[in-house]
Amino acid sequence: MMETSDPPIVKLPQKRFYRQRAHSNPISDHNFNYPSHPKELYKDKCPDNKTWDELYPSRGDRKVEFADVGCGYGGFLVSLGETFEDKLSIGMEIRVKVSDYVMDRIESLRALHPGKYQNIACIRTNSMKYLVNYFEKGQLSKMFFLYPDPHFKKSKHKWRIINPSLLSEYAYVLREGGLLYVVTDVEDLYKWMTSHFDAHQSFKRLSLEEEKQDILHDKLLNRSEEAQKVERNHGSKIGCSLSAQEIA
Amino acid sequence: MESFKNFLIFSPDYQKLIAFVSTEDQTQNFTIEVDWNYPINNIKPKLFLENQENADNDDEGKKQNGSEEKISLNNIAVTEENNLLAYTATDKTLFLWQIDEKSAKIVSRRSFLRTSSCIRFSKCGKILFLTDKTGDVFEYLCDEENFNTRGRWIFGHISQILDLAVTIDLKYLITSDRDEKIRVTNYPKVHEINSYCMGHKEFVSAIAIISDSHLISISGDKCIKLWNFIDGKELQSHSFQFVPVLLKVISHSHQTGLLCVSSIENTVYIFKYLIIDDTMTLDTLAEKQFKSDVELAVLNNEFYIEYIRDNDDSLKSGIFIDRVKIEDKTVNFQKIFDNIALSETDISIKIVKPFDVSLLFKHGRMFDNVKEYNDRKKARIENKMKSKKAK
């Protein structure tokens, strides 16, 4: 009989090894690898980048449909994957340590639950600059912006992830009828974002009824780490999800 | 440098003078002086929403630019259809002159928010588009009733915009930026992006529309690409041995024409292009090394090159202009303008490049923060394993 060594014990990664400050300058260059065209990630191999097949081992012919922009430590991404098992969801995070945590977390989850969590993945990237490097026109059906950085100073308003320039890009990668969700606990930011949505002609705000009917309604408020932190600190979650639909 | 009827228009010093040089009869040449005292219409365009406070008024609290750095001219645009000349200046003002073959009359001086990177007129000459270093695009109306109308923000990239092109039918605005992107935006529904032309691996220094659906682009990745910009599809790519900076096109037909490309080392190349079935072949006709920065222009279907250091052994400085004479496949660079006298005045002659190409390269010059993190993580895990084994 063959000697076998004990299989390595799979453990979930511990956040304390992956702490990183919340803010990251989205305008500076950092060091990102990104495809020069979305079709590059469908090839067998892509230098410096993981292909979609490498990120999603059981992808088949499916394409990513849901994007969690600024996924943080991945709490919501994991619940998104559990809720929509047949859809591919991607988490995008700019911070080195945090994105690494999510990637390690997904790897551990896949090892602990064979066959599951094959539909979520995380990439480290600057989604303000490189969204269209990854997604084709009309590819996504849902985009999530949970607790985005408020960038309080007036001179930094342009860095806010919801602004008129970027809303056009989001409308481009979202298919017609696709949904965009935003959650924040910063009242000022909430007002800013609603006024930009109302002004942008490619988006229509969902009514409260329509929002309540969405299966994700509760999860948006409660499932991300930020949401849980806000709750612990007795913060107020303003305006629940700001959902907008892409119209022609 | 731009062209207007039979004149080439440029500024020898980007400060005091604007020269109109005739390509037919040098006695027709004239210059105008820039009136820096012309009153500025200080109502700046709003960034993003019209009813939001203008975040950039923070600038006004800051000290005005000291006397150390003189304000100077920056980008130029000319429209023959509407007889207008426009120049942006480093004090963030946009000058507009009405011009004809003898004179120029200033009609307005409007403000914009940040240093401009490029200005272009629509074909009809009634709209001027202005792009800036933070990636925003503004529209300034230039019909007679609107000479003083404030600029309007229309869309933005999250990266410095390097070039802008407007389709003849004004259906699309095409912008190229430092993040390797070429974006095709609908007009007037500027909130709608029609397509992206993705594929370049470095900043896209210049673009040129050559037909209803074809676009040519040059990039710091040393490639020239042909696109169907309506579909956002790359049709052809050629590699150069040099980094191309400026691009001018003369279209003879839908399929054939000439390209003039300058390199980062100031060599000017003339190519003939032929497009058949979405494939482009390039024929190098000539190349010439210049000893200073150059500016390119197209006038009456010929290329013109402005330079400021003579090509002979004397290396004297002045303003020189070559006309590129092409017969079949023979190319001659004929010097048609030579003004050494200018170099002896108190005018400091220069050519201002729209951007410093050497600062735009991204790849290969960045701090690799991922590698550093991964090395540390590896070390941490190895130490953990070691301490476990020791127990």
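Proteins come first, then strands; the chains are lettered A, B, ... in the order of their sequence lines, and each starts at number 1. For clarity, every value in this text was computed on a predicted model and none was experimentally measured.
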Excluding sequence neighbours, so at least two apart, what forms salt bridge (Lys or Arg N to Asp or Glu O under 4.0 Å) with Lys171(B)?
none
Expected output: side-chain Gln139(A) to main-chain Val64(A) donor-acceptor under 3.5 Å
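Yes.
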Test your reading of the model: is there a side-chain donor-acceptor pair from Ser116(B) to the backbone of Cys118(B), 3.5 Å cut-off?
no
Between [X] and chain B, with a heavy-atom cut-off of 4.5 Å, which part of the residue counts as in contact: side chain, backbone, both or neither?
{"X": "Lys153(A)", "result": "neither"}
{"X": "Leu167(A)", "result": "neither"}
{"X": "Asp198(A)", "result": "neither"}
{"X": "Asn133(A)", "result": "both"}

Does any heavy atom of chain A fall under 4.5 Å from the side chain of Lys189(B), the backbone, both, or neither of them?
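Answer is neither: Lys189(B) stays 4.5 Å or more from chain A.
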Under 4.5 Å from a heavy atom of chain A, the part of Thr134(B) involved:
both
Honestly, is Lys15(A) close enough over Tyr73(A), meaning NZ or CZ under 6.0 Å from the six-membered ring centre and within 45° of the axis?
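Pair Lys15(A)/Tyr73(A) counts as cation-pi.
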Max heavy-atom pair count under 4.5 Å with chain A, selected residue of Gly232(B), Gly135(B), Ser195(B), Ser159(B)
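Most pairs with chain A among the choices: Ser195(B).
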For residues 37-48 of chain A, run the donor-acceptor check on the side chains, cut-off 3.5 Å, and write out each pair with its distance to 0.1 Å, sequence neighbours left out.
| from | atom 1 | to | atom 2 | distance (Å) |
| --- | --- | --- | --- | --- |
| His37(A) | ND1 | Lys39(A) | N | 3.0 |
| Glu40(A) | OE2 | Ser36(A) | OG | 2.9 |
| Lys45(A) | NZ | Glu54(A) | OE2 | 3.2 |

How many angstroms lie between atom CD1 of Ile162(A) and atom NE2 of His200(A), to the nearest 0.5 angstrom?
10.5 Å
